[in-house]
Amino acid sequence: MKAVILAGGFGTRLRPLSCTRPKSLFPILNKPLLQWTFEKLAKSGVKYIIMAVSRQTRFQIKSFNVDAGELKIVYSCDPPKKPLGTGGPVKKAEKFIGAEDFLVVNGDIFTSLDYSEIAKFHKEKKAVATIALCRVDDPSRFGVAELTENGRIKKFIEKPPLGKAPTNLINAGVYVLSPEIFRYIPKGRKVSMEREIFTRLAEEGGLYGYVFSGLWTDIGRVEDYLKLNRVLLDSHFFEKKIVGSNENIREPVIIEGRPHIGKFSIIGPHVVLGRNVKIGKHVHVENSVIFPEASIADYASISGVVIGEKAVIGKNVKIEENCVIGDYAVIRDNIFLAKGVSVCPAKEVSENITASRCVM
Ligand code: GTP
């Protein structure tokens, strides 16, 4: 089977970290999300992948050199400055697909869903499209499906108003499609798969839902990204590797390489330290993801934060939950950043920021 990976979005909700990398390259337990996706698709028997990208994400992904193993990868690029949405890139991939059913996977999700099971279900139902569905507490941010008893989706509503969703079964961002789908998607323009194609297919009876339980999350927002890393650190996906004896580590923690960690610092629980991160003395880091080559100086306190690549955190800095520090940003000594502050790449912060806002 072939698979299309949708990886050409702007990731606006993950700015400023997504200004410098697409969501598919965000590290998940120190491995790019795209590599997890490649590995999972290969295990399900996929051999050929169409990367549906923008010019920018094509450049970023190619430069990153993600290990694709035996997979054959082709790039299908949206026209310059004309993003095709979530449906247009599928139509554009038609020439690569042929006459078989194929998978479409959002490039910003992590799941334990078995792709071969949904493909089997799709065939049995003779569906035009089958959406993987999972249950969440708050469905209002997602596409919500209402099912008949035999698994047909009778109604598909994209982002229903809060409290108005008919079920809590949401679109998990994985579809199996029959080649017949190409008749439904107009060519050469932006198309929303969710709003235009699935709603119509539901009315016509060709849309099915495959309900699964297990691990699923997208990394749409910073809190989702942190939560995914935290959940995985507590799961079997995390293989603990001994990194030398350091009594200052509070498991679970994943550390790439052998970073310098100063005396009396406490790292963890739920911390991911990228390659060559430097940590000074008396530092406290918990529930955070620190990208490669970042440095955190003495007495800093970091909780529930994502710190970008090569960012520099000064002495005695305190950073609260859901803050995001862009790549190469510098936070000067003794600075306090309140909950929800984000700092754009390469920006220098030399005054306290006491309310949630973006420092540009
Ligand atoms: P936000 O701007 O934060 O909503 O993120 P997004 O638009 O990048 O992601 P969204 O969840 O809306 O899209 C789901 C998947 O489709 C993601 O993996 C995106 O990269 C991808 N995607 C979204 N829009 C486009 C597009 O115009 N072209 C292509 N090729 N992929 C897209």
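Below, all heavy atoms of this structure are taken into account, side chains as well, without hydrogens, waters or symmetry copies. Remember, it's 1-based here, ligands and their atoms both numbered in the order they're listed.
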key: Glu348 side chain to Tyr328 side chain, donor-acceptor N/O pair below 3.5 angstrom   = no

key: Ser288 (side chain) donor-acceptor with Gly304 (main chain) under 3.5 angstrom   = yes

query = Mind checking what makes ring-ring contact (aromatic ring centres under 6.0 Å, His included) contact with Phe182, not counting sequence neighbours?
reply = Phe102

task = Please round to the nearest 0.5 Å and tell me the distance separating atom CG of Leu337 and atom OG1 of Thr354.
result = 10.0 Å

message = Can you tell me if Lys278 has over 12 outside heavy atoms packed within less than 6.0 Å of its NZ?
response = no

Within 45° cone of Phe96 ring axis and under 6.0 Å: Lys2 NZ or CZ = no

note = Those residues with a heavy-atom separation under 4.0 Å from ligand 1 are Leu6, Ala7, Gly8, Gly9, Phe10, Gly11, Thr12, Arg13, Lys23, Ala52, Val53, Asp78, Pro83, Leu84, Gly85, Thr86, Pro89, Asn106, Gly107, Asp108

